[in-house]
Amino acid sequence: MALIFFSKDDVDRFEPWKKALKEVLPDLDVRSWKQPGNIGEIEFALVWNPPPGMLGTFPNLRAVFSVGAGVDSLLNDPELPAGVPVCRMVDDSLTQGMVEYSILHVLRHHRNQPLLEKNQRAAKWSTFSSPLASERRVGIMGLGAIGGPTAKAISGLGFETIGWSRNPKEIVGVECMHGKKGMKDFLSGTEIVVCLLPLTPETEDILNKDLFAQLPMGATLINAGRGGQQVEEDILEALDSGQLSHVTLDVFRDEPLPPYHPFWKHSKVTVTPHNAAVTQPKTAAILLANNINRLNASQPLINIVDISVGY
Ligand code: GLV
């Protein structure tokens, strides 16, 4: 029973994953993509952004596990082996990281910390007060495994919290909107938007000028979903016009963000390097072992991706 590991960003992640997987599944032969051995023996793949075509080279693959929550790069592979189930990562440590990131940046926008930082650099003592959380509406786009707990946490801080998702959801303390029809109400009056959606054909380019125009003037945006959801020229235009007053972006159309990209030095843009949350091998390995054991016992897999909807 062999598993192949591939991570585009950081090949050094192999050893921690191997160690964590061996602890829960001692019989699993965990191999790096650099030394795959006999590829006919590979039954499982654990991958982050594999090059298109890579997974198609393993003739006996039984399941593909994503290291991350988002599976867009896997589903965009035209040679993804047909009929092999793909599972996304739904891990508490990953969710917790996204919740922390969202809280940090919602509060930062709420208290206008970017302006305080700018004033500090100009040695400018300029005091102002912020509304209370209860007077601020925060909107969370995506109410699934990550967005749901985030919306709850934001609501727990006292913000008027509204959520938007593809399908109807119910979350205590969160006003939930859904579908195309619910979008207008979701956006109107929402001063801080947090995007945690998966990238699918439906959410591609969703963060565009039409959406920004429905927000109150001077709203702020946090995107920790996927770069493919944001129209970057529209963000720059909205920042210039004042429609958006600041954006915090963890994801970009092109990653790593190219050195010449205007976002890097823009005074109204906060850039983080796609590190809002990173899956922890220790907790995630337990979930993977559970799924591998289920497959071996012919039981249905958990967190299997519905390829028709893209997550
Ligand atoms: C990170 O982007 C993830 O999909 O987990």
Side-chain angles (χ1 to χ4, degrees), residues 5-14 16-17 20 45-52 54-55 63-77 80 85-105 140-151 153 165-166 194-204 206-207 221-230 232 247-257 263 270-288 291 302-307 309-311:
F5 176 84
F6 176 89
S7 170
K8 181 180 167 216
D9 297 337
D10 180 5
V11 279
D12 298 340
R13 286 212 260 168
F14 175 62
W17 274 103
L46 172 61
V47 290
W48 176 238
N49 285 348
M54 186 189 126
L55 292 169
V64 177
F65 302 110
S66 172
V67 170
V71 291
D72 41 290
S73 74
L74 292 174
L75 302 193
N76 286 338
D77 179 351
L80 183 69
V86 176
C87 295
R88 63 205 170 97
M89 182 59 69
V90 180
D91 171 39
D92 286 350
S93 64
L94 184 65
T95 302
Q96 179 61 24
M98 295 298 275
V99 169
E100 287 174 9
Y101 184 88
S102 303
I103 290 176
L104 169 67
H105 292 286
I140 313 294
M141 298 179 80
L143 297 174
I146 291 172
T150 303
S165 54
R166 188 169 156 268
V194 185
C195 177
L196 299 171
L197 288 165
L199 180 62
T200 68
E202 270 181 72
T203 66
E204 175 137 26
I206 194 169
L207 302 172
L221 168 71
I222 298 161
N223 188 13
R226 279 289 183 271
Q229 290 154 349
Q230 67 203 17
E232 299 187 342
V247 297
T248 294
L249 306 173
D250 188 52
V251 289
F252 304 90
R253 292 203 88 99
D254 238 355
E255 291 183 15
L257 186 63
F263 284 162
T270 299
V271 168
T272 56
H274 201 145
N275 76 335
V278 176
T279 306
Q280 305 296 319
K282 220 180 150 107
T283 46
I286 298 168
L287 307 171
L288 291 171
N291 250 349
I302 296 172
N303 298 321
I304 197 159
V305 170
D306 178 347
I307 296 193
V309 292
Y311 62 93

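We count residues from 1, following the sequence as given. In each ligand, atom 1 is the first atom listed, and ligand 1 is the first ligand listed.
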Practice task
Give the numbers and elements of all ligand 1 atoms closer than 4.0 Å to a heavy atom of His274.
Solution key: 1 (C), 2 (O)
Exercise for the section: Taking the side chain as every heavy atom from C-beta outward, state whether Arg13 and Val278 have any atom pair closer than 4.5 Å. Expected result: yes
Exercise for the section: Check for a donor-acceptor pair, side chain of Gln230 on one end and backbone N or O of Val251 on the other, with a separation under 3.5 Å. Expected result: yes
Problem - ligand 1 to Gly70 polar contact by distance, N or O atoms, under 3.5 Å - result: yes
Practice task
Please say whether Gly68 places an N or O atom under 3.5 Å from an N or O atom belonging to ligand 1.
Solution key: no
Practice task
Please state which part of Arg226 comes within less than 4.0 Å of ligand 1, counting heavy atoms only: side chain, backbone, both or neither.
Solution key: side chain
Practice task
Using a strict 4.0 Å cut-off to heavy atoms of Ala69, name the atoms of ligand 1 that fall inside it.
Solution key: 3 (C), 4 (O), 5 (O)
Problem - Note, Leu196 side chain near Tyr101 side chain (heavy atom, < 4.5 Å) - result: no
Exercise for the section: Say whether, by atom type as modelled, one donor and one acceptor occur between the side chain of Arg88 and the main chain of Ser66 under 3.5 angstrom. Expected result: no
Problem - 4.5 Å side-chain heavy-atom contact, Val90 and Leu287 - result: no
